[in-house]
Protein chains: 2
Amino acid sequence: MKEIQTVWPVGVKKTKPRACVLSVLEHAESPLSAMDIYSRIEKDTSTVWLSTIYRILELFVEKGVVVKTTVMNNEMAIYELNHYQHKHYAVCVSCRKIVAMNNCPMEKFVPKLADNGFHVLGHKVEMYGYCKECDPNP
Amino acid sequence: MKEIQTVWPVGVKKTKPRACVLSVLEHAESPLSAMDIYSRIEKDTSTVWLSTIYRILELFVEKGVVVKTTVMNNEMAIYELNHYQHKHYAVCVSCRKIVAMNNCPMEKFVPKLADNGFHVLGHKVEMYGYCKECDPNP
DNA sequence: TATGTAAATGCACATGATTCGCATTTGCAT
DNA sequence: ATGCAAATGCGAATCATGTGCATTTACATA
């Protein structure tokens, strides 16, 4: 497995399970669920218990190294490295693939949102539709 | 309890539990979870089992009478009557109150989204922050 | 480098939302 | 009124996730 090895999060003790989880996330092409991470670890190195993975992910999220999301009103949470980039997701309703979007429609919108007396700290945008491969009428 | 009674969904057999669920939703001031509905029913009329409520909600969603959503990456789904209005939510990070928004930032954005080859069918926008009551610095 | 200790993990089991199975009841067409 | 398919009551299953506790590990200090 290729070594990418980003900087290790500060104040986090370096253990094998944590290194495994981080490594999987570094090599991931899209956000992964805890279960995804679990199965990808098993392949090469040591086994890491699922509950441990949840604990590690929780820690990484807290440290800001990882971002947790859920899409499509259901099922599992997904995790990815925090690239400190404002990002949103599009989910294919057919194959469930998750496509990350880079441009954000909220930039111009949020500032004029004080009308409801709601102080916006953050937001989440999610789109659903067909990815290139699944579109029945492209 | 005041009678609002919207039209009964077509092709849906009229039963007491279904009428209860619909009535609760008609009187709700914000989207409710299945459990919320459960406890609001107990008060006045008959008891409806939680699993039945889930089945009823599933049916109503399928018939288009009810809209199901989840907010803030969290566990429970919330349900509300479908007012056939494009709507998004803002969630207060302090009291968890859900405020519905009427204007939508996506209208101008979605059309020019074909760049990723993604065919957008729908979207979801969610904001989090402080509601009027909880804002520490208004 | 050895080692004591707090923190992390393995493991099994708890939990909370949601769903499922099946016997009983109910709405409604006849 | 009554028969039957559909809905519900009820319990128990499921699935993602969290927790408790004994054991192991990383790392500071000697």
Side-chain angles (χ1 to χ4, degrees), chain A residues 5 7-25 31-42 45-63 65-80 91 96 98, chain B residues 5 7-25 31-42 45-63 65-80 91 96 98:
Chain A
Q5 203 51 32
V7 265
W8 191 263
V10 279
V12 172
K13 194 188 280 187
K14 193 165 192 170
T15 68
K16 192 150 68 157
R18 287 172 182 180
C20 288
V21 169
L22 196 60
S23 171
V24 167
L25 288 173
L32 303 176
S33 69
M35 183 52 91
D36 290 336
I37 296 171
Y38 176 76
S39 28
R40 290 188 190 201
I41 288 176
E42 277 199 293
T45 39
S46 57
T47 302
V48 178
W49 226 244
L50 196 51
S51 52
T52 303
I53 293 177
Y54 277 108
R55 274 190 284 230
I56 292 172
L57 288 171
E58 185 188 15
L59 175 77
F60 283 174
V61 167
E62 186 190 310
K63 293 294 176 184
V65 201
V66 162
V67 178
K68 176 182 181 179
T69 327
T70 52
V71 284
M72 285 290 284
N73 285 0
N74 55 0
E75 38 184 311
M76 292 177 292
I78 52 174
Y79 302 84
E80 70 183 315
V91 191
R96 294 266 156 166
I98 296 163
Chain B
Q5 201 52 33
V7 265
W8 191 263
V10 279
V12 172
K13 194 188 279 185
K14 191 163 193 170
T15 69
K16 193 149 67 155
R18 287 173 182 177
C20 288
V21 170
L22 196 59
S23 170
V24 167
L25 288 174
L32 303 176
S33 69
M35 182 53 91
D36 291 336
I37 296 171
Y38 176 74
S39 30
R40 289 187 190 202
I41 287 177
E42 276 198 295
T45 40
S46 56
T47 303
V48 178
W49 227 244
L50 195 51
S51 50
T52 302
I53 293 177
Y54 277 109
R55 275 189 285 228
I56 292 172
L57 288 171
E58 186 188 14
L59 175 77
F60 283 174
V61 168
E62 186 191 311
K63 294 293 177 185
V65 201
V66 162
V67 178
K68 175 182 181 180
T69 327
T70 52
V71 284
M72 285 290 286
N73 285 357
N74 87 355
E75 341 77 58
M76 284 180 303
I78 52 174
Y79 302 84
E80 69 182 315
V91 191
R96 292 265 159 170
I98 297 164

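Everything numeric here is computed off the predicted structure, so don't read it as measured data. Within every chain, numbering begins at 1; the chains are lettered A, B, ... in the order of the sequence lines, protein sequences first and strands thereafter.
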Euclidean distance, B/Leu22 CG relative to B/Lys14 NZ, rounded to 0.5 Å = 9.0 Å
Qualifying residues under side-chain contact (heavy atoms from CB on, under 4.5 Å), relative to A/Arg18, sequence neighbours excluded | A/Trp8, A/Val12, A/Lys13, A/Thr15, A/Ile56, A/Leu59, A/Phe60
Separation of C/dA8 atom P from A/Trp8 atom CH2, nearest Å, is 11 Å
Which whole-number value in Å describes the distance from A/Ile56 CD1 to C/dC11 C1'?
-> 15 Å
How far apart are the closest heavy atoms of B/Lys68 and B/Ala77, and which atoms are they?
-> CE-CB, 3.6 Å
Quick tally for nucleotides 19-25 of chain C: nucleotides whose base has a protein heavy atom under 4.0 Å get B, sugar-phosphate-only ones S, the rest -, giving BBB----
Figure out the CG/P separation between B/Leu57 and D/dA7, and round it to whole Å.
-> 15 Å
In terms of heavy-atom contacts, B/Ala34 and B/Ile53 come closest through O-CG2, 4.1 Å
Is there a side-chain contact between A/Thr70 and B/Thr70, using heavy atoms and a 4.5 Å cut-off?
-> no
Whole-Å distance between D/dA16 P and A/Leu32 CG?
-> 15 Å
Every protein N/O lying under 3.5 Å from an N/O of nucleotides 24-28 of chain D:
residue	atom	partner	partner atom	Å
D/dA26	O3'	A/Lys14	O	3.3
D/dC27	OP1	A/Lys14	N	2.9

Given A/Leu57 and A/Ile37, is the side-chain contact (heavy atoms from CB on, under 4.5 Å) satisfied, shown in steps?
-> CA-CA 10 Å; A/Leu57 288 171; A/Ile37 296 171; 3.9 Å; yes
For B/Met35, enumerate each residue passing the side-chain contact (heavy atoms from CB on, under 4.5 Å) test, keeping only those at least two apart in sequence or located in another chain.
-> B/Ser33, B/Tyr38, B/Leu50
Given atom CE of A/Met35 and atom P of D/dT17, what is their separation to the nearest angstrom?
-> 9 Å
Round to the nearest Å and state the distance from B/Tyr38 atom OH to C/dG16 atom P.
-> 15 Å
Write down the distance between CE (B/Met76) and P (D/dA16), rounded to a whole number of angstrom.
-> 19 Å
With the side chain of B/Trp49 defined as its heavy atoms from C-beta on, choose the nearest nucleotide among C/dA12, D/dG9, C/dA8.
-> D/dG9
Distance in angstrom units between A/Ile37 CD1 and D/dT17 P, rounded = 11 Å
